[in-house]
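Below: one structure, written as structure tokens.
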Protein chains: 4
Amino acid sequence: MNAIRVAVIGAQGRMGAQAVDAITEAEGLELVATLGSSDSLESLLEKNVDVAVELTVPASTETNVAFLVDHDIDTVVGTTGWDADKLSGLKELLAEHADTAVLIAPNFSIGAVLAMRFAELAAPYFDSAEVVEIHHPRKLDAPSGTANHTAQRIAAARNDAGLPPVPDATEIDPHGARGAVVDGIHVHAIRQQGMTASEEIHFGSSGEALTIRTDSHSTSAFMPGIVTAVRSISDYTGLVHGLENLLDL
Amino acid sequence: MNAIRVAVIGAQGRMGAQAVDAITEAEGLELVATLGSSDSLESLLEKNVDVAVELTVPASTETNVAFLVDHDIDTVVGTTGWDADKLSGLKELLAEHADTAVLIAPNFSIGAVLAMRFAELAAPYFDSAEVVEIHHPRKLDAPSGTANHTAQRIAAARNDAGLPPVPDATEIDPHGARGAVVDGIHVHAIRQQGMTASEEIHFGSSGEALTIRTDSHSTSAFMPGIVTAVRSISDYTGLVHGLENLLDL
Amino acid sequence: MNAIRVAVIGAQGRMGAQAVDAITEAEGLELVATLGSSDSLESLLEKNVDVAVELTVPASTETNVAFLVDHDIDTVVGTTGWDADKLSGLKELLAEHADTAVLIAPNFSIGAVLAMRFAELAAPYFDSAEVVEIHHPRKLDAPSGTANHTAQRIAAARNDAGLPPVPDATEIDPHGARGAVVDGIHVHAIRQQGMTASEEIHFGSSGEALTIRTDSHSTSAFMPGIVTAVRSISDYTGLVHGLENLLDL
Amino acid sequence: MNAIRVAVIGAQGRMGAQAVDAITEAEGLELVATLGSSDSLESLLEKNVDVAVELTVPASTETNVAFLVDHDIDTVVGTTGWDADKLSGLKELLAEHADTAVLIAPNFSIGAVLAMRFAELAAPYFDSAEVVEIHHPRKLDAPSGTANHTAQRIAAARNDAGLPPVPDATEIDPHGARGAVVDGIHVHAIRQQGMTASEEIHFGSSGEALTIRTDSHSTSAFMPGIVTAVRSISDYTGLVHGLENLLDL
């Protein structure tokens, strides 16, 4: 089997530099181009690129991805800022390129993606479910998008299974210790110096608990997700939204 | 929908008494018979039983289950002692009763069953995997059957995915701190007063960890598994080995 | 050394029955009397009791303890309902009995008492501190008294050490995921079927975390605290408030 | 109060560079000199240094520390390789410099030091105690020195309190899942990609558990320990062995 020929766009950023290292070390992948912010995308065309990894900035990502799709290069996108409008434009473009695939992934941590999926699978089997997320204290919003999304998926799975609301006799909680309630699921946010991004999902029934925890200690946590995506994106076509769609779950 | 008519056999034991309570409280189930060790199985025949729960002792379980299958009553078995010979005999009997199903489950903890399944799904995505089990200090054997089986399933999943052995540079370990090695996966057994049965499965890659933990604090932990099994066993036929086969995973 | 002669008052309640068993099994203790609600305290006087364990109900505890102090019997009290008024009356009574000691303990879990003390000792050394408590979903109030008290002691220790407020850049938290704030320390309350009473205390600094967790799975968790108290109460005089004062920390 | 004037020796190594940053940012400390491997220690003498931080290599540390003590500069040593011989020579030298103090610390993680101390304090109150350590898979030896030392201190504390051996009915453990036994305490070593250095200490009694966990995610975890040591070393004289002696526990 030939190696997959990979280009990294945005190779000088922190994520980009780590992606360059990760792809260089990954078996079956060959790094054939690295582009910084001053390099032209045109230079890729002579490199016979199979998959591009786009790790730039919100202001550039849409133009970059359009160029890549126009040249039928499968693309793994880790840049944020893909709102509904941009996604809709990308879908239209992909409709004209039937063999090309683009992955837009808000979270490249395989652990976080697996945890969310397992939470959804476990939800129907337990009376209680709550979500705790732990992030560094520089984070501006609470709860995290991942915790929010996890709670929504747990709530949907409970609903599909016909479960009643989670049991909770709390009558007195003057200062809000029970946390945020997202679709009926309580979500708690801890801010702790020295942590990066963690999530702990609690399930409980009489005499029994199931706890699923995922910890990211550095952006290097995203590299296995990027490598996995690079390896499998060419098996797909069109827009793939979320890393979970490329995992075999 | 009519309620499922349930009989509990071995209703005077600890598990049996809890099963009686759990079935009485469960929506959609109707408890129509409870048999102790001095009661005759014949008494069930006039009760129009849909599902029997067999929670007796190893010496009685085979005879009881044969009687139930002969009368085409679907059965959920929580009694231990079903070795290969007994299972083989049961399969033969079930072959003559095409519409009847029997579940033999070594572990009715839904949390433990889910944890094992999630471990198998997660295994291909991480460099490292280890299993820790914690049990009460009266346990005679280490590691637990569940931990052993979890390690085997992780090893098989890693193998199927073509992963190399787990990384481990240990050269000096004079007293065996690295624990048991089951199919290449390290397994550690903690014995701790006040615990019943817990398992913690560790996965790690660069910058990232996924931890799956399941705790059983009492035999009441097995009741949701028994109720789930009673609800779904009639959708199956033949021998079903392991609660995981009845869960929607 | 002679065995300590112990009486249990309220021996028919759940806690009382467990205390009877625990004292019977404990080395160095001799159970010489067990009183139920219909037994007279007078019957103790001929038993040469060294220490009484009072585990009755809020309506009886004050009268019982007064009787015991009047007869110079050291007493370990596990009954709730000792408000400031009752404590004040007890202190006056003890002033007339210079050799007699009474322990009033709101929490007999040694783990919980140790966790609080360790939290206080660790607090000066970390930038961040938060408290999570987990209780059964029948609990009416949040957060638990123990979590509240833990947060207060952490806050006081930080204050004594001259630490600034915990770092927290949160600007957007529309639903209160950051939980309750007790003296500047965030406190989160989880309600989970199958849990009894747990507390997890998180400390963090750059690159480092310290986590202290205590779990009570049943009222049997309080027995080691009661036995420890029975063993050492006679080394004290007057009112001792809180089990921590009898531990060697 | 005047700022403490600090020099970092070995400022170009990874630990040294982090120490330079940590001291620069720490209130009450002033960084007045940074020496690399090619710089002469003589250059310190005109800088009026209060405290030196020695973070070089085993081959240089003894000579460096001797020079510093000879010039009555209090010193915090983070370099390894201080065996009994070197320590003995240092003690003799310090005997001639009554006002000078040197801290030799094998572990600058405040979390790890606190965890060990708390383990020792908790040990007398629980039936069961076990130690689990988790390190990166490049570590050559198991268990870690810290886990080994923690087990020894737990064992000593249990012994002082007159506790019997930990309960353990294990009869069948063909592959060593119960781990290493250090002074009667079981110790387990996990090797996990993405982890740096963690330790989890388990205590259990009937119905109750206490768990103390410490995680170091990077060498930045050692900076608070170094800053704490720099701030307080001048309150001591002679050889101080172990960071715990400078903490207020």
Side-chain angles (χ1 to χ4, degrees), chain B residues 126-145 147-148 151 165-183 185-196 198 200-211 215 217-218, chain D residues 126-145 147-148 151 165-183 185-196 198 200-211 215 217-218:
Chain B
F126 291 92
D127 294 342
S128 298
E130 300 208 7
V131 177
V132 180
E133 54 95 332
I134 311 179
H135 280 81
H136 55 83
R138 299 174 308 286
K139 189 169 173 57
L140 299 180
D141 56 318
S144 69
N148 211 56
V166 295
D168 183 3
T170 310
E171 288 178 3
I172 303 162
D173 180 13
H175 304 296
R178 294 285 290 118
V181 184
V182 176
D183 293 0
I185 303 299
H186 289 255
V187 178
H188 309 269
I190 295 174
R191 295 295 167 259
Q192 186 174 330
Q193 196 76 275
M195 299 298 286
T196 304
S198 295
E200 193 168 275
I201 310 160
H202 292 250
F203 293 102
S205 287
S206 174
E208 178 165 44
L210 174 70
T211 314
D215 293 276
H217 297 307
S218 75
Chain D
F126 291 91
D127 294 342
S128 299
E130 301 209 5
V131 177
V132 180
E133 54 96 331
I134 312 179
H135 280 81
H136 55 83
R138 300 173 307 287
K139 188 169 173 58
L140 298 180
D141 56 317
S144 70
N148 211 56
V166 294
D168 183 4
T170 310
E171 289 179 3
I172 303 162
D173 180 12
H175 304 297
R178 293 285 290 117
V181 184
V182 175
D183 292 1
I185 304 300
H186 289 255
V187 178
H188 310 270
I190 294 175
R191 295 295 168 258
Q192 186 174 330
Q193 196 76 276
M195 298 299 284
T196 304
S198 295
E200 193 168 274
I201 310 160
H202 293 248
F203 293 103
S205 287
S206 175
E208 179 166 45
L210 174 70
T211 314
D215 293 277
H217 296 307
S218 76

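Chain A is the first sequence line, chain B the second, and so forth, proteins listed ahead of strands; every chain is numbered from 1. Excluded from the calculations below are hydrogen atoms, water molecules and symmetry mates; all remaining heavy atoms, backbone and side chain alike, are included.
- Considering all non-hydrogen atoms of both residues, B/Arg178 and D/Ile190 come closest at NH1-CA, 3.9 Å.
- The choice from B/His135, B/His175, B/His136 that makes the most heavy-atom pairs within less than 4.5 Å of chain D is B/His175.
- Under the 3.5 Å distance criterion, the side-chain polar atoms of B/Ser206 are left unmatched by any main-chain donor or acceptor of D/Gly194.
- In this structure, chain D has no heavy atom under 4.5 Å from any part of B/His186.
- In this structure, chain B has a heavy atom under 4.5 Å from the side chain of D/Val132, while its backbone stays farther away.
- Contact tally against chain D (heavy-atom pairs below 4.5 Å) for B/Ala147, B/Ala129, B/Ala169: the top residue is B/Ala169.
- Highest contact tally toward chain D, considering only B/Gly207, B/Ala180, B/Gly179, is held by B/Ala180 [criterion: heavy-atom pairs under 4.5 Å].
- Atoms CD1 and CG, from D/Ile172 and B/Leu140 in turn, are 6.5 Å apart once rounded to the nearest 0.5 Å.
- Under a 3.5 Å cut-off, the side chain of D/Glu171 and the backbone N or O of B/Asp141 do not form any donor-acceptor pair.
- Between D/Arg191 and B/Glu130 there is a side-chain heavy-atom pair separated by less than 4.5 Å.
- The minimum heavy-atom distance between B/Ala142 and D/Pro174, with the atom names listed, is O-CD, 3.9 Å.
- Smallest separation of non-hydrogen atoms from B/Pro167 and D/Pro137: O-CB, 3.3 Å.
- In terms of heavy-atom pairs under 4.5 angstrom with chain D, the leader among B/His188, B/Lys139, B/Arg138 is B/His188.
- D/Glu208 touches chain B through its backbone: at least one of N, CA, C or O sits under 4.5 Å from a heavy atom, while the side chain does not.
- When all heavy atoms of B/His202 and D/Ile134 are compared, the closest pair comes out as CE1-CD1, 3.8 Å.
- Under a 3.5 Å cut-off, the side chain of D/Ser128 and the backbone N or O of B/Gln193 do form a donor-acceptor pair.
- With a threshold of 4.5 angstrom between heavy atoms, D/Phe126 does not approach chain B through any atom at all.
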